[in-house]
Amino acid sequence: MESPLFDIKLNNLTKKFDSFTAVNNINFTIPKSSVTVLLGPSGCGKTTLMRMIAGLEKPTSGSIFFEEHEVTRVSTRRRNLGMVFQYPVIYRGTSVKRNLELPLLSEGLEKQVINDRVHKVAELLGISDSLNKLVEELDNGTRQKIAVGRAIAREPNIILFDEPITNIDINSKLELKRSLKELFGRLSQTIVYVTHDQTEAMTLADQIALMQDGVITQCAPPSEIYSKPGNQFAGWFLGNPGMNFIDKKHLTKTDSTVGAPTLFSQTLRVGARARDVAVLGIRAESVSVSTKEVSGAKPARVLRKSLGIGGQYLLDLDYAGLVIKVRVSHAMGREVSDKVWTTVDSDNISLFDENGVVV
Ligand code: ATP
């Protein structure tokens, strides 16, 4: 769909509710024509940030620009946005087609233009066969698609999504996520998408802006934020399970009967950076596991074995009191009994300082 494309620029943006700071001095640019997912736990300020972009919430201080135009005090209506919320905003008792037409009729567009747009949007969302159905006949995932259609039919410059999948029933969730992914690939508008669900963010985002306590702590494409978390919070919040963290105290312990201290000590010898390291981070799939003794590999006891997502196994490995979670393939997992030998490639270890920031 053709629309002018906008960067969204946030300058020193702050929102306070009485003495509570929900959004704390954010300086950030949301690049035009990309899908930026605001991800974070409940209460971190992502909805408040989105509502300020929408003009539904007034910043306490700071400014918002759409390209070079300041919109901080411009009304929602004049910001030319499409919005999709947690619950589908649709008219009951009317057809899908009518639902898609209504926002266009209020724009005063010609009949033929409206008809073309409705069919284009229905095609984009894969609901062309349902145009004449009443919305009551559809599951709530499809109703949410109609709400999305209503938001994009006007061809706004920016489209905002606030947890659109969260309240959709489990059977429709996957299909809705798949359709949104496809839709985002075909739209050229700037898209901002709020969710607390890291899997959803990993699937849909061009870039994930991770939020904690009212600030954006890291912004990067999904694969980068996953493999190179900028802080421990990112390592913990992304991934299922989150990253393993190993405190420095485990690294200096000199217990020759166990693997843990020496398993990772090699990493700490890598360069001067080691001086600042307080914690090591290791992803569950970064540990290589063997069921047979391998020279140089460290032994661990298998505390627990469970079938994880994608048919892989998750193991809880015990290195004399230090427990880390490890992911292995289905075939390997089936062979695992109570003892394994492990190695970690030092390239796959994140190093954090005492403030949890990557070094
Ligand atoms: P959630 O997914 O739970 O909504 P969120 O990251 O979107 O989380 P916000 O809704 O932006 O978080 O809320 C951030 C903080 O600001 C929360 O502690 C919330 O209680 C507070 N807050 C939000 N709106 C208001 C309001 N109108 N009045 C007072 N406090 C508010």
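Atoms within each ligand, like the ligands themselves, are counted from 1 in listed order. None of these values were measured; they are calculated from a predicted model.
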* Protein non-hydrogen atom below 4.0 angstrom of atom 13 (O) of ligand 1 present -> yes

* Indicate yes or no: does an N/O atom of Phe20 lie under 3.5 Å from an N/O atom of ligand 1? => no

* **ligand 1 contacted by Cys44 (non-hydrogen, < 4.0 Å)** => yes

* Whether Ser33 side chain and Thr190 backbone form a donor-acceptor pair below 3.5 Å -> no

* When you measure from atom 2 (O) of ligand 1 to every protein heavy atom, which one gives the shortest distance, and what is it? -> Lys46 NZ, 3.3 Å

* Is it true that Glu123 and Lys120 make a salt bridge, defined as a side-chain N closer than 4.0 Å to a carboxylate O? -> no

* Side-chain donor/acceptor of Lys15 to backbone N/O of Met52, under 3.5 Å -> no

* Asked: Quick check: does any side chain N or O of Glu67 sit under 3.5 Å from a backbone N or O of Asp7, one acting as donor and the other as acceptor?
  -> yes

* Asked: Can you tell me which residue and heavy atom of the protein come closest to atom 10 (O) of ligand 1, and the distance to 0.1 Å?
  -> Thr47 CB, 3.6 Å

* Structure fact -> For atom 3 (O) of ligand 1, the closest protein heavy atom turns out to be Ser42 OG, 2.6 Å

* To do: Report yes or no: does Asn244 contribute a side-chain atom to a donor-acceptor pair with the main-chain N or O of Lys325 at less than 3.5 Å?
  => yes

* To do: Give a yes/no verdict on a cation-pi contact between Arg301 and Tyr319, requiring under 6.0 Å between NZ or CZ and the six-membered ring centre and an angle within 45° of the axis.
  => no

* By number and element, which atoms of ligand 1 are closer than 4.0 Å to a non-hydrogen atom of Pro41? -> 6 (O)

* Beyond-backbone contact of Phe245 with Leu280, side-chain heavy atoms, under 4.5 angstrom -> no

* Is it the case that Lys32 places NZ or CZ above or below the six-membered ring of Phe6, under 6.0 angstrom from the centre and within 45 degrees of the axis? -> no

* To do: Please say whether Phe17 places an N or O atom under 3.5 Å from an N or O atom belonging to ligand 1.
  => no

* Asked: Which residue and non-hydrogen atom of the protein lie closest to atom 11 (O) of ligand 1, and at what distance in Å?
  -> Thr48 OG1, 2.5 Å

* Asked: Which residue supplies the protein heavy atom nearest to atom 8 (O) of ligand 1, what is that atom called, and how far is it?
  -> Gly43 N, 2.7 Å

* To do: Measure from atom 19 (C) of ligand 1 to the protein's non-hydrogen atoms and state whether any distance is below 4.0 Å.
  => no

